[in-house]
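Heads up: the structure comes next, in structure tokens.
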Number of protein chains: 2
Amino acid sequence: MVYFGDMKEKSPFELEDFMPYLLNQAAEKTSLEFQKYYRLKYGMLRTEWRVLFHLGRYGALTAKAICDRAGLHKTKVSRAVAALETRRFIQRNRMEQDRRQEVLTLTRAGENAFDDLVAEAARYNTRLMQNFSAEDAETVRRILLQITAMETVQP
Amino acid sequence: MVYFGDMKEKSPFELEDFMPYLLNQAAEKTSLEFQKYYRLKYGMLRTEWRVLFHLGRYGALTAKAICDRAGLHKTKVSRAVAALETRRFIQRNRMEQDRRQEVLTLTRAGENAFDDLVAEAARYNTRLMQNFSAEDAETVRRILLQITAMETVQP
DNA sequence: GGGTATTAGTTGTGTTTGTAACTATCAATG
DNA sequence: CATTGATAGTTACAAACACAACTAATACCC
């Protein structure tokens, strides 16, 4: 019988068993790939694309509403809104009943960009997921949503 | 019969159907949560933790080898190595047969940090994944690896 | 062996992010 | 109404990142 005394028994822990790592690798890959649509074609950053998406998908919103829905910090949204306005993708209108808030709406150019990018997103998603069975896709979707919605994984 | 002419039929596309979005949300959540272990306790950044991990898990490596294995850019690794050396977690030794390269090894402090962080990583992972069945966990793992390894999702 | 190309690693620069502090407006309470 | 506190959004500053240019050492090859 062979003696395995020299083997490191303690750490069979591989990076590929570590979910944050796996998630990051996959997220980074797909994000970088999809970037080229909104970045090259419209000069947007990821946050800008997400803000645009929320406005296109859910109609006029305030910055705060976008923060809440999208889980983005207000400074990120503020900068994205400023950039999108500069490029004439959105329009701001102060509310009269509460002049702290402003309602954001897509311009015609913004709607066009939205339509285009949503179509690209759907196509990208289809191409990405066609490699997997419908059951597997649904399992992944469900678990990712669940992880995202989990309250803190307690120490 | 009601006329639905005004409905936007074209875009039943939700963010929650968009895999890059789902991946990013889950990745960001878990990364931020796990950050506190290496960040608060050892003052490391994510790249530093990953460099430390590779050295602890796979033994002495050059910076280039870490780049290749971890899929990190050399400038990131260079700065992580500098930071880890400053905090005395690693040691550098120029190779005699090729004086461009330097072999990186963990110091005692580096090994201690590695052992601690790997244990925390394993515990975090267990707590995260205990909410799912073994089959689901395996499905997710497999698909995330597959996505990461995919060549470009062609336009 | 001398010029050219590669390779390992570093540094510099502009861009993006995170955090905190700030302004302006509104709400609540005395 | 005046003061205090909360809220929507912006700005300022430092940390982090990406990408290109750089240094130093080695390989190639005529």
Side-chain angles (χ1 to χ4, degrees), chain A residues 24-25 27-29 31-33 35-36 38-40 42-52 54-55 60-87 90-105, chain B residues 24-25 27-29 31-36 38-40 42-51 54-55 60-87 90-105:
Chain A
N24 265 297
Q25 295 293 104
E28 199 164 314
K29 185 217 168 64
S31 286
L32 285 179
E33 277 188 357
Q35 254 200 21
K36 74 167 185 291
Y38 56 78
R39 184 144 197 162
L40 295 183
Y42 298 101
M44 291 184 196
L45 301 177
R46 183 142 54 97
T47 310
E48 293 162 30
W49 146 241
R50 279 176 69 181
V51 167
L52 184 94
H54 277 262
L55 291 173
L61 296 169
T62 66
K64 176 66 159 65
I66 296 176
C67 292
D68 295 344
R69 283 169 166 277
L72 291 170
H73 195 267
K74 59 181 180 174
T75 61
K76 264 182 144 178
V77 172
S78 173
R79 290 192 248 249
V81 165
L84 287 170
E85 192 195 24
T86 298
R87 294 171 210 226
I90 69 175
Q91 214 179 348
R92 319 159 91 139
N93 280 101
R94 283 220 170 272
M95 292 178 66
E96 283 129 29
Q97 64 269 39
D98 183 346
R99 300 178 31 73
R100 288 172 300 183
Q101 306 181 55
E102 46 194 13
V103 178
L104 308 170
T105 49
Chain B
N24 265 297
Q25 294 294 103
E28 200 166 312
K29 183 216 169 62
S31 286
L32 285 179
E33 277 188 358
F34 188 68
Q35 253 201 20
K36 73 168 187 289
Y38 55 78
R39 183 145 197 161
L40 295 183
Y42 297 101
M44 290 184 198
L45 302 177
R46 183 142 55 97
T47 309
E48 293 163 28
W49 146 240
R50 280 178 67 182
V51 167
H54 277 263
L55 291 172
L61 296 169
T62 66
K64 176 63 158 64
I66 295 176
C67 292
D68 295 343
R69 284 169 165 278
L72 292 169
H73 196 267
K74 59 183 180 173
T75 62
K76 265 182 142 176
V77 171
S78 174
R79 290 178 159 118
V81 164
L84 287 170
E85 192 194 25
T86 298
R87 295 171 209 221
I90 70 175
Q91 214 178 349
R92 317 159 94 140
N93 281 99
R94 284 223 167 269
M95 291 179 65
E96 283 128 27
Q97 64 270 39
D98 184 345
R99 299 178 31 75
R100 288 172 302 184
Q101 307 182 56
E102 46 194 11
V103 178
L104 307 170
T105 48

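In what follows, chains carry the letters A, B, and so on, assigned in the order in which the sequence lines appear, proteins first and then strands, with residues in each chain numbered from 1. Below, all heavy atoms of this structure are taken into account, side chains as well, without hydrogens, waters or symmetry copies.
Nearest to the side chain of A/Lys74, among D/dG9, D/dA6, D/dC17, sits D/dG9. Of all nucleotides listed (C/dT16, D/dG9, D/dA18), D/dA18 comes nearest to the side chain of B/Lys76.
The environment of CZ in A/Arg99 is sparse: at most 12 heavy-atom neighbours from other residues, nucleotides or ligands sit within 6.0 Å. For A/Glu102, the CD atom sits in a packed shell: over 12 heavy atoms of surrounding residues, nucleotides or ligands are nearer than 6.0 Å.
Proximity of B/Arg39 to the phosphate of D/dA16: a side-chain N or O atom is located under 4.0 Å from OP1 or OP2. Of the side-chain N and O atoms in A/Ser78, none sit less than 4.0 angstrom from OP1 or OP2 of D/dG9.
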Could you walk me through whether B/Phe34 and B/Trp49 pass ring-ring contact (aromatic ring centres under 6.0 Å, His included), step by step?
CA-CA 11 Å; B/Phe34 188 68; B/Trp49 146 240; 5.6 Å; yes
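Within 4.0 Å of A/Arg92, counting heavy atoms only, lie sugar-phosphate atoms of the nucleic acid but no base atom. Using a 4.0 Å heavy-atom distance criterion, B/Thr75 is classed as a base contact.
In this structure, A/Thr47 OG1 and A/Arg50 CZ are separated by 7.0 Å, a value rounded to the nearest 0.5 Å.
B/Thr105 and B/Asn93 are not linked by any side-chain donor-acceptor pair at a separation below 3.5 angstrom, with hydrogens and angles left out of the test.
B/Leu32 places its CG atom 11 Å from the C1' atom of C/dG18, with the value rounded to the nearest Å. For the pair A/Arg50 CZ and C/dT17 P, the computed distance is 11 Å after rounding to whole Å. When rounded to the nearest whole Å, the span between CZ of A/Arg99 and P of C/dA27 equals 13 Å. For A/Leu104 and D/dT10, the CG to C1' distance is 14 Å, given to the nearest whole Å. If you take CD of B/Gln101 and P of C/dT6, they are 18 Å apart, rounded to a whole angstrom. Going from atom CZ of B/Arg94 over to atom C1' of C/dG9 covers 7 Å, rounded to whole Å. If you measure from atom CE of B/Met95 to atom C1' of D/dA27, you get 15 Å, rounded to the nearest angstrom. Summarising the geometry, the separation between CG on A/Leu72 and P on C/dT17 is reported as 10 Å, rounded to the nearest angstrom.
The residue among B/Glu96 and A/Lys64 whose nearest nucleotide of DNA chain D lies closer to the 5′ end is A/Lys64. In terms of position on DNA chain C, the residue among A/Gln97 and A/Arg46 whose nearest nucleotide sits closer to the 5' end is A/Arg46.
Interface remark: the A/Arg100 side chain does form a donor-acceptor pair with the D/dT7 base, using a distance-only criterion of under 3.5 Å. With hydrogens and angles ignored, a donor-acceptor pair under 3.5 angstrom links the side chain of A/Arg79 to the base of C/dG18.
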